[in-house]
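Numbered from 1 within each chain, the chains take letters A, B, ... in sequence-line order. Since the structure is predicted, the reported quantities are computational estimates derived from the model, not experimental observations.
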Number of protein chains: 2
Amino acid sequence: MQPFLSDERRPLYEVKANLFKGLAHPVRVRILELLSAAGEVTVAELISETGLEASHMSQHLSVLRQHHLVLADRRASQVFYRLAYPQVADLLRVARILLAEILETTHDRLVSTINLPSLEPETAR
Amino acid sequence: MQPFLSDERRPLYEVKANLFKGLAHPVRVRILELLSAAGEVTVAELISETGLEASHMSQHLSVLRQHHLVLADRRASQVFYRLAYPQVADLLRVARILLAEILETTHDRLVSTINLPSLEPETAR
DNA sequence: TGATTGAATGATAGATTCATCAAGTCGTCA
DNA sequence: TGACGACTTGATGAATCTATCATTCAATCA
């Protein structure tokens, strides 16, 4: 495993693919969205919000930390997480825009597939 | 496997994670970047550009198609690929911006780690 | 101090993804 | 037609990732 970007000679597309790997899990996306919305959240809140087992949550948070996507700091007995950069939220936003486009197009295609090749004559109308 | 977004009741963060999965491989990022830059590229060009084995390239192209990220069309004996949506290029761009930010911060931290806790007195200068 | 709660780490089996090779499809052209 | 070039699909072992359980660490408080 080498989710780090330490090696500056690594081609950009590898580093970029690596970033996407860090985002490639529903739980991690969910975490980042919660942090985007709330600014700062404790692990306990993340757990109750997602229903995940604590150690499982910790593992995903660890992945996000290794990818430099979130920052943690401990205050008293709790650990608070937040986005490491506002650009992380930008990335999620742009992804959502792309998905909206894809879903719309796919939906349209589906609808026209249903409507056009019908062998029956239009009923009523 | 279900890289499709057919199920509209699926929570958005799952669909989003799935999108990122489609992007989570250096070869696929590379392909998308080539398509972003050139508009339209044949499989043969992608192969010679990346040095990949044909079947391997095909598999990655298949993943990208399933994720609705690229479109293929056959003209004569060759198959041309292009981005399915300009927003795909946007996503790559935003990722690059985020990475630049991360790399800069990481680099700065590294430099200050090297400079500050030095026990030696500054040499010459 | 010892017990308790919040969180991280280690270990591991099961699931997914990747790279490679063999085989198949589709179009062109001799 | 049939042989070749351009791709795609299928199958498979190796590598990676995920979910779960057990253990450990860190801070609070009785």
Quiz item: Taking only N and O in the side chain of A/His60, is any of them less than 4.0 Å away from OP1 or OP2 of D/dA19?
Solution: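 So the side-chain polar atoms of A/His60 do come within 4.0 Å of the phosphate oxygens OP1 or OP2 of D/dA19, strictly under.
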
Self-check item: Per A/Gln78 side chain, nearest of listed nucleotides D/dT9, C/dG6, C/dA8
Solution: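 My answer, after comparing the listed nucleotides, is C/dG6.
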
[atom1] of [X] versus [atom2] of [N]: gap in Å, rounded?
X: A/Phe20; N: C/dC18; atom1: CZ; atom2: C1'; value: 19 Å
X: A/Leu61; N: D/dT18; atom1: CG; atom2: P; value: 14 Å
X: B/Ile47; N: D/dC7; atom1: CD1; atom2: P; value: 6 Å
X: B/Leu46; N: D/dC7; atom1: CG; atom2: P; value: 9 Å
X: A/Leu52; N: D/dT18; atom1: CG; atom2: P; value: 12 Å
X: B/Phe80; N: D/dA6; atom1: CZ; atom2: C1'; value: 12 Å
X: B/Asn18; N: D/dC17; atom1: CG; atom2: P; value: 17 Å
X: B/Tyr81; N: D/dA6; atom1: OH; atom2: P; value: 15 Å

Quiz item: Which part of the nucleic acid, if any, lies within contact of B/Ala54, taking any heavy atom under 4.0 Å across all strands shown: a base, the sugar-phosphate backbone alone, or nothing?
Solution: base

Quiz item: B/Tyr81 pairs by side-chain contact (heavy atoms from CB on, under 4.5 Å) with which of B/Asp73, B/Leu61, B/Val41?
Solution: B/Leu61

Exercise. Kindly give the heavy-atom pair with the smallest separation between B/Leu46 and B/Met57, and that separation in Å.
Key: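 For B/Leu46 versus B/Met57, the nearest heavy atoms are O-CE, 3.6 Å.
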
Quiz item: How far apart are the closest heavy atoms of A/Ala17 and B/Pro26, and which atoms are they?
Solution: CB-N, 3.3 Å

Self-check item: Check: A/Ser36 and A/Val88 side chains under 4.5 Å, non-hydrogen atoms
Solution: no

Quiz item: Is the closest side-chain heavy-atom distance between A/Tyr13 and B/Ile31 below 4.5 Å?
Solution: no

Quiz prompt | Derivation of the side-chain contact (heavy atoms from CB on, under 4.5 Å) call for B/Leu64 and B/Leu32 | solution = CA-CA 9 Å; B/Leu64 291 174; B/Leu32 294 176; 4.1 Å; yes

Pairs under 3.5 Å (N/O, protein and nucleotides 21-27 of chain D):
from   : atom 1 : to      : atom 2 : distance (Å)
D/dC21 : N4     : A/Ser55 : OG     : 2.8

Quiz item: Are the side chain of A/Glu14 and the backbone of A/Pro11 linked by a donor-acceptor contact shorter than 3.5 Å?
Solution: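 Pair absent, no side-chain N/O of A/Glu14 close to backbone of A/Pro11.
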
Quiz item: What residues in residues 25-43 of chain A put a non-hydrogen atom under 4.0 Å from any atom of DNA chain D?
Solution: A/His25, A/Arg28

Quiz item: Does A/Glu33 come within less than 4.0 Å of A/Arg96, counting only side-chain N to carboxylate O?
Solution: no

Self-check item: Listed partners of B/His25 passing ring pair (Phe, Tyr, Trp, His ring centres under 6.0 Å), at least two apart
Solution: B/His60

Quiz item: Starting at the 5' end of DNA chain D and moving along, which residue's nearest nucleotide shows up first, A/Lys21 or A/Arg75?
Solution: A/Lys21

